[in-house]
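Only one structure is covered here, and it is reproduced in the block below.
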Amino acid sequence: MSQPDKLVQKLKQLPKEPGVYFHKDAKGKIIYIGKAANLKNRVGSYFQQSRHRDAKTSLLVGDIVDLDWITVDSEVEALFLESEFIKRYRPKYNIDLKDDKHWIYIRIPMQDEFPVLEIVRRPLDDCVDYFGPYTSSDAVRKALKHLRKAFPYVTHSMTPPPPRACLHFHIGLCPGPEAGAITSADYKRSLRRLEMYFKGEKPKLVKQLEKEMAAAAKKQDFEAAAVRRNQLRNIQALSKQMIFGDKEVFDLSRDQALVGLADLLELKGLPRRIEAYDISHLQGTDNVASMIVFTDGVAHKEEYRRFKMRKGGNDDFEHMREVMRRRFSGKNLEQWPKPDLVLIDGGKGQLAAALGVMSELGVSLPTIGLAKREEEIIKLREEKTNNFEVVRLPHSSHILQLLQRVRDEAHRFAVTYHSLLRGKRQTASQLDDVPGIGPATRKKLIKQFGSVRGVKEASHDELSAAVGDVRARALQQFLGR
């Protein structure tokens, strides 16, 4: 089957570099997104006559009329970028990647005494650090294999600790907490450096390690200097294999959503920094607000902020006014970058509340709302008025898909924080009135047993070992034991 002339010309222009590619149909809609170590070879292979294809690939190739691509520095640097675009555009042929069970996350429960690093398929709202999503488990495991040489971590259960040191400890991949080879504080310090790498803070991490290596050498602590040197070497070995992070640099003119959004809203330039806000509460309790940031169309989680509302009640408009006053206070205006676009999760009422406060504070920024029911974009028809214009885009629109992705992330972040506060309040309410149990003891109990339910199910001997016999009896009596 012959390809359209436009597609043939683009196939000739494909670079021999790693990147992400986009297959499009006759209407210009993205129908498949993939990543490749060599774009020219990978994309060209779809159209080789001798290539054996399965039924799905044959249908895909039959629908391809156009394509586009973004180049990156290394084969797997596109992991995060690919997943972000798949989540935004939801191409119909990316069925295998649209279900959350296929995303890969790295889970690190830093609240534990000796956190166990895990690779999981689905993150939970359990107050634990998650990094991802990533689409290739092989690439993630390969990267972690190298990173573990620099920052050894635990992968086996620590409840209870194993009776002897594991094999990984003897080959330098586990810090050996069960053998008493490391303290909890030192282990968590090492994990935080590992997390810096996941967050895309590699330059900062390298600078920190170089400084410590130089300081150790100056003190003639050559053993410590050698440890830092080896950590640096293992990190540098990953430079061409894996990039973890929330920011990717690419040709923004190829992002149809950002370009189209700038045209739709008549912005002076591309909305490189988009801030979105949402409110979450349950019948007026545990009220919170979220501020999430997308930079160049990709989630920038380091810039996320959350707000615990000072005012209670079930008034989303007043809560939106409060979060706007706090976000655009003089201090935060100086310390936080200004957004190119503000997105409010809600309709005309929420948007009017936000714009009213911004006007009072003398802040003039492009601001729109996204109403959930009909997925309508709400914007001001004229400045300094409450005359709103409703823009309706087809659900296939790249512009709407980007705004939905940003809005949904703001909602997820707000709900996660609300659930955290509600859980803490419910936990505290059950243990607050136990005689002889203060804040420090409550914290110790929850840390050791995981929850109030864990405390209830613990034996008298386990409770006694944790808080003493007298308090253990008071706990069991109060909790119905």
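In this text the structure is predicted, and so the values were computed from the model without any measurement. Atoms considered below: every heavy atom in the structure, side chains included; atoms not considered: hydrogens, waters and symmetry mates.
Considering only heavy atoms from C-beta on, Tyr93 stays 4.5 Å or farther from Ile33 through its side chain. You'll find the side chain of Asn38 stays beyond 4.5 Å of the side chain of Pro18, heavy atoms only. Residues Pro109 and Glu118 are not in side-chain contact: their nearest non-hydrogen atoms beyond the backbone lie 4.5 Å or more apart. Using a 4.5 Å heavy-atom cutoff, the side chains of Phe388 and Val390 are not in contact. At least one side-chain heavy atom of Phe47 sits under 4.5 Å from a side-chain heavy atom of Val61. Using a 4.5 Å cut-off on side-chain heavy atoms (C-beta onward), Cys174 and Pro152 make no contact. Counting heavy atoms from C-beta outward, Leu265 and Lys379 have side chains that approach closer than 4.5 Å. Here the side chains of Val363 and Val357 are not in contact, with every heavy-atom distance at 4.5 Å or above.
By the 4.0 Å N-to-carboxylate-O rule, Arg273 lies close enough to Glu275 to be salt-bridged with it. Salt bridge annotation for Glu113-Lys188: absent, with no cationic side-chain nitrogen under 4.0 angstrom from a carboxylate oxygen. Ion pair Asp129/Arg107 not flagged as a salt bridge, since none of the NZ, NE, NH1 or NH2 atoms sits closer than 4.0 Å to an Asp/Glu carboxylate oxygen. Salt bridge annotation for Arg192-Glu195: absent, with no cationic side-chain nitrogen under 4.0 angstrom from a carboxylate oxygen. Salt bridge annotation for Glu212-Lys207: absent, with no cationic side-chain nitrogen under 4.0 angstrom from a carboxylate oxygen.
Here the rule is side chain to side chain contact (heavy atoms under 4.5 Å, CB included) with Tyr277, and of Thr367, Leu343, Ile344, Asp345 only Ile344 fits it.
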Handout entry: Candidate pair Arg407 and Asp278, rule salt bridge (Lys or Arg N to Asp or Glu O under 4.0 Å), full reasoning
Key = CA-CA 8 Å; Arg407 187 271 316 278; Asp278 188 26; over 6 Å; no

Practice task
Check step by step if side chain to side chain contact (heavy atoms under 4.5 Å, CB included) holds for Met324 and Met320.
Solution key: CA-CA 6 Å; Met324 288 293 108; Met320 185 59 69; 4.2 Å; yes

Problem - Full working for side chain to side chain contact (heavy atoms under 4.5 Å, CB included) between Tyr304 and Phe413 - result: CA-CA 9 Å; Tyr304 285 16; Phe413 194 56; 3.8 Å; yes

Practice task
Go through Ile30 and His398 one step at a time and tell me if the side chain to side chain contact (heavy atoms under 4.5 Å, CB included) criterion holds.
Solution key: CA-CA 9 Å; Ile30 295 174; His398 296 334; 3.9 Å; yes

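Aromatic pair His23/Tyr46: centroids less than 6.0 angstrom apart. Taking the six-membered ring for Trp, Tyr153 and Tyr187 have ring centres at least 6.0 Å apart.
Within the 3.5 Å criterion, the main-chain N or O of Ala226 finds a donor-acceptor partner in the side chain of Asn230. A donor-acceptor distance shorter than 3.5 angstrom exists from the side chain of Arg148 to the backbone of Leu173, with no hydrogens or angles considered.
Side-chain contact check for Gln231 and Arg193: no donor-acceptor pair (N or O, by modelled atom type) lies under 3.5 Å.
With a 6.0 Å radius and a threshold of 12 heavy atoms from other residues, nucleotides or ligands, Glu223 has its CD atom at or below the threshold.
Aromatic ring pairs are classed by plane angle as parallel below 30°, tilted from 30° to 60° and perpendicular above 60°; the pair Phe85 and Phe22 is perpendicular.
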